[in-house]
Amino acid sequence: MNEEKIATFAAGLRGALIRAGDAGYEEARKLYNAMIDKRPLLIARCIDAADVIAAVNFGRETKLPIAIRGGGHNGPGFGSVDDGLVIDMSTMKGVRVDSKNRTVRVAPGCTTGDVDHATHAFGQAVPFGIISTTGVAGLTLSGGHGYLARQYGLASDNLIEADVVLADGSSVTASEAENADLLWALRGGGGNFGIVTSFLFRTHPAKMLYGGPIIFDLSDAATVMRWYREFQAGAPEEFYIFLGLQTVPPVDPFPREHWDKRMCVLLVAHNGESAQAAVDAARSALPKPLIDWVGPLPYPALQGMFDALNPPGMQWYWKGDFVKTLPDAAIEVHLAHAETLPSAFSLMHLYPIDGAIHRKASGDTAWSTRDATWSMVIAAIDPDPAKAGQLKTWARDYWAAVHPFDLDGAYPNFMMDDEGEGRVKASYGGNYARLAALKKKYDPANLFRVNQNIRPSA
Ligand SMILES: Cc1cc2nc3c(=O)[nH]c(=O)nc-3n(C[C@H](O)[C@H](O)[C@H](O)COP(=O)(O)OP(=O)(O)OC[C@H]3O[C@@H](n4cnc5c(N)ncnc54)[C@H](O)[C@@H]3O)c2cc1C
């Protein structure tokens with residue numbers, strides 16, 4: 001790499017350019033998932049759209065592979081790249097709430113917690129995911145589902161405008177009024193089409209919710225799962241429950257007598273009238289729980305409830321599927337693998353993706369799956385790098401056993417980098433051909449390819 005070119009690039013940036021060997025390099029290259037250990041050549045800590053434009057032009061001209069980084073939470077570590085250029089926007093923060101028009105403008109380095117904090121003061125929220133340290137950018141661009149998804153849709157359904165730096169270094173705005181095809185692609189198509197330097201979201205009422213976990217012993221899991229599939233079919237959209245098979249964390253405030261027990265957990269979030277009565281009705285139909293911590297709480301408290309249990313720096317390997325139905329035979333497979341969880345952190349979650357998400361048609365946005373009931377994730381997680389192989393084997397075996405009951409595709413954010421093009425295609429279904437055509441229009445040379453890649457059409 002030509003030193004003069006690097007020096008000129010660095011001098012033109014307002015943010016820092018961090019190089020291999022620099023003080024701070026080791027910290028700057030770290031990803032949330034410690035299973036991924038990439039060594040980029042350069043990390044450009046952009047502070048504005050001008051820095052992003054300069055970085056895109058530099059990467060393209062020097063033919064360096066480019067990775068785009070927001071919150072750094074991506075499973076396969078697409079926020080970094082070996083021997084390439086990381087365009088790092090993690091320090092580009094800033095949230096402006098327009099409560100009158102019910103919108104919020106968000107800078108690309110924000111976490112969901114940054115935005116929840118700002119909108120909460122106005123009694124509003126964007127429907128993001130369930131851990132507040134996740135980046136808004138990567139979550140939204142591939143879909144984004146969480147506690148408010150049944151009521152208000154995916155995060156990407158609520159993206160109404162984006163400023164985007166394209167592969168040729170130009171910057172455009174994508175909205176329903178201009179570059180509407182680009183907005184369509186950004187609503188689920190991932191980081192394939194350009195670098196978003198500003199997001200505008202629609203917000204919705206969410207202030208105090210009635211929510212939290214209800215934890216059952218694994219011996220009651222079959223009963224709970226059968227109840228859950230019936231509940232899901234008839235639940236009002238403001239009543240969201242995701243189901244987990246995992247382990248009671250051996251930490252306070254969990255009661256010591258339950259530490260390390262295998263459990264089935266229902267994570268409840270009711271954002272409507274008569275919430276307690278609705279939850280009480282559910283309680284009365286369920287077995288006696290080990291723990292019931294459901295009660296009134298502010299929305300950001302629910303969003304951040306499990307942050308401490310999910311610190312950065314652990315080994316993560318995950319696989320997902322879209323799931324339409326949960327027959328008894330599938331429940332049996334789930335329960336068999338819950339018995340063999342490879343660590344106290346590993347889990348299977350079923351996140352509802354019906355309700356408001358089903359009110360859009362498959363072709364309305366890049367995210368095409370509008371008829372699945374759940375987005376499933378099998379996540380094998382542990383702090384010990386020596387267990388990486390065991391984690392992968394467990395997750396793969398579990399997935400192979402349960403996949404025959406599921407749809408072909410999965411949420412792209414619940415895939416590693418080893419699933420193959422066929423799985424990416426299956427996840428976008430009938431929208432894949434249009435996405436490939438838009439890739440050809442906006443990024444014909446596939447400059448942005450460190451992602452669940454959509455190749456430009458021939
Ligand atoms: C603990 C944990 C909990 C999670 N919970 C949920 C959940 O509840 N719901 C859910 O939907 N997902 C969830 N996820 C998945 C999460 O959405 C993805 O990991 C996502 O990729 C994280 O985005 P990021 O910005 O933090 O990641 P990064 O690693 O920074 O970025 C990931 C990719 O997004 C793209 N990207 C990032 N920024 C930009 C940008 N400005 N412009 C264009 N492309 C960009 C790039 O392709 C990049 O490689 C969770 C992940 C973790 C680790």
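Every number for a ligand or one of its atoms is a count from 1 in the order of the listing. If you read the sequence from its start, that first residue is 1, and numbering goes on from there.
Using a 4.0 Å cut-off between a side-chain N of Lys or Arg and a carboxylate O of Asp or Glu, Arg45 and Glu27 do not qualify as a salt bridge. For the pair Asp321 and Arg423, the salt-bridge criterion is met [side-chain N within less than 4.0 Å of a carboxylate O]. Electrostatic pairing of Asp354 and Arg150 counts as a salt bridge here, judged by a charged N lying under 4.0 Å from a carboxylate O. Under 4.0 Å is where a charged nitrogen must lie from a carboxylate oxygen, and between Arg359 and Asp364 no such pair does.
Thr134 OG1, 4.0 Å is the protein heavy atom nearest to atom 4 (C) of ligand 1. The protein non-hydrogen atom at the shortest distance from atom 24 (P) of ligand 1 is Gly71 N, 3.5 Å. Scanning the protein for heavy atoms near atom 1 (C) of ligand 1, the closest one is Tyr32 OH, 3.3 Å. Considering only non-hydrogen protein atoms, atom 32 (C) of ligand 1 sits nearest to Asn74 CB, 3.5 Å. Of all protein heavy atoms, the one closest to atom 39 (C) of ligand 1 is Ile68 CG2, 3.5 Å. Remark: minimum distance from atom 49 (O) of ligand 1 to any protein heavy atom is reached at Phe78 O, 2.8 Å.
Ligand 1 places these atoms under 4.0 Å from at least one heavy atom of Gly70: 25 (O), 28 (P), 30 (O), 37 (C), 38 (N). Atoms of ligand 1 lying under 4.0 Å from any heavy atom of Gly129, numbered from 1 in the order shown and given with element: 7 (C), 8 (O), 9 (N). Close approach of ligand 1 to Gly144 is summarised as follows: ligand atoms under 4.0 Å from at least one heavy atom of the residue are 11 (O). Applying the 4.0 Å criterion to heavy atoms of His145 picks out, from ligand 1, the atoms 7 (C), 8 (O), 9 (N), 10 (C), 11 (O). Close contacts between ligand 1 and Gly194 involve ligand atoms 42 (N), 43 (C) [criterion: under 4.0 Å to a heavy atom]. When each atom of ligand 1 is checked for a heavy atom of Ile131 under 4.0 Å away, the hits are 1 (C), 3 (C). Ligand 1 places these atoms under 4.0 Å from at least one heavy atom of Ile130: 7 (C), 8 (O).
The two residues Val56 and Leu166 make their nearest non-hydrogen contact at CG1-O, 3.6 Å. Closest of all the heavy-atom pairs between Met348 and His334 is CE-ND1, 3.7 Å.
Taking a 6.0 Å sphere around NE2 of His117, one finds it holds 12 or fewer heavy atoms contributed by other residues, nucleotides or ligands.
Contact annotation for Leu31 and ligand 1: no heavy atom of the residue comes within less than 4.0 Å of the ligand. With a 4.0 Å heavy-atom cut-off, ligand 1 is reached by no atom of Phe128.
The residue among Ile36, Asn413, Asn453, Leu154 with a heavy atom at the shortest distance from atom 15 (C) of ligand 1 is Asn413. For the residues Trp318, Tyr351, Phe414, the heavy atom positioned nearest atom 51 (C) of ligand 1 is part of Trp318. In this structure, of Leu139, Leu141, Thr140, Val86, the residue bringing a heavy atom nearest to atom 44 (N) of ligand 1 is Leu141. Of the candidates Arg449, His73, His349, Met89, His73 brings a heavy atom nearest to atom 2 (C) of ligand 1. Between Gly72, Ser198, Ala137, it is Gly72 that holds the heavy atom closest to atom 28 (P) of ligand 1.
Inspection of the Arg105 and Ser198 side chains reveals an N or O donor paired with an N or O acceptor under 3.5 Å. In this model, a donor atom of one side chain and an acceptor atom of the other lie less than 3.5 Å apart for Asp307 and Ser132.
Residue-to-ligand polar distances place Gly138 within reach of ligand 1: an N/O pair is separated by less than 3.5 Å. Backbone and side-chain nitrogen or oxygen atoms of Arg69 are examined, and none is located within less than 3.5 angstrom of a nitrogen or oxygen of ligand 1. At a 3.5 angstrom cut-off on N or O pairs, Val196 counts as close to ligand 1. Polar contact with ligand 1: absent for Trp316 (N/O pair, distance under 3.5 Å). Below 3.5 Å of separation, one finds no N or O of Pro108 facing any N or O of ligand 1. Distances between N or O atoms of Tyr411 and those of ligand 1 include at least one value under 3.5 Å.
The aromatic rings of Phe242 and Tyr240 stand perpendicular to each other, their planes meeting at an angle above 60°, with 30° marking the opposite boundary. Ring-plane geometry between His337 and Tyr398 is classed as parallel, the angle between the planes falling under 30 degrees on a 0 to 90 degree scale with a further cut at 60. Using bins of under 30°, 30° to 60° and over 60° for the plane-to-plane angle, the ring pair Phe414/Tyr411 lands in the perpendicular bin.
Not a single heavy atom of Gly146 lies less than 4.0 angstrom from ligand 1. For Phe193, the closest heavy-atom approach to ligand 1 does not fall below 4.0 Å. No heavy atom of Gly77 sits closer than 4.0 Å to any atom of ligand 1.
Among residues at least two apart or in separate chains, ring-ring contact (aromatic ring centres under 6.0 Å, His included) pairs with a member in residues 51-73 are Phe9-Phe58, Tyr32-His73.
Atom-to-atom distance recorded for Ile353:CD1 and Asp371:CG is 8.5 Å, nearest 0.5 angstrom.
When atom types are taken as modelled, the side chain of Asn271 and the backbone of Ala206 share no donor-acceptor pair closer than 3.5 angstrom.
When the side chain to side chain contact (heavy atoms under 4.5 Å, CB included) test is applied to Glu421, the partners found at least two apart in sequence or on another chain are Lys425, Tyr432, Arg455.
Between His145 and the choices Trp374, Tyr351, Tyr152, the ring-ring contact (aromatic ring centres under 6.0 Å, His included) rule is met once, by Tyr351.
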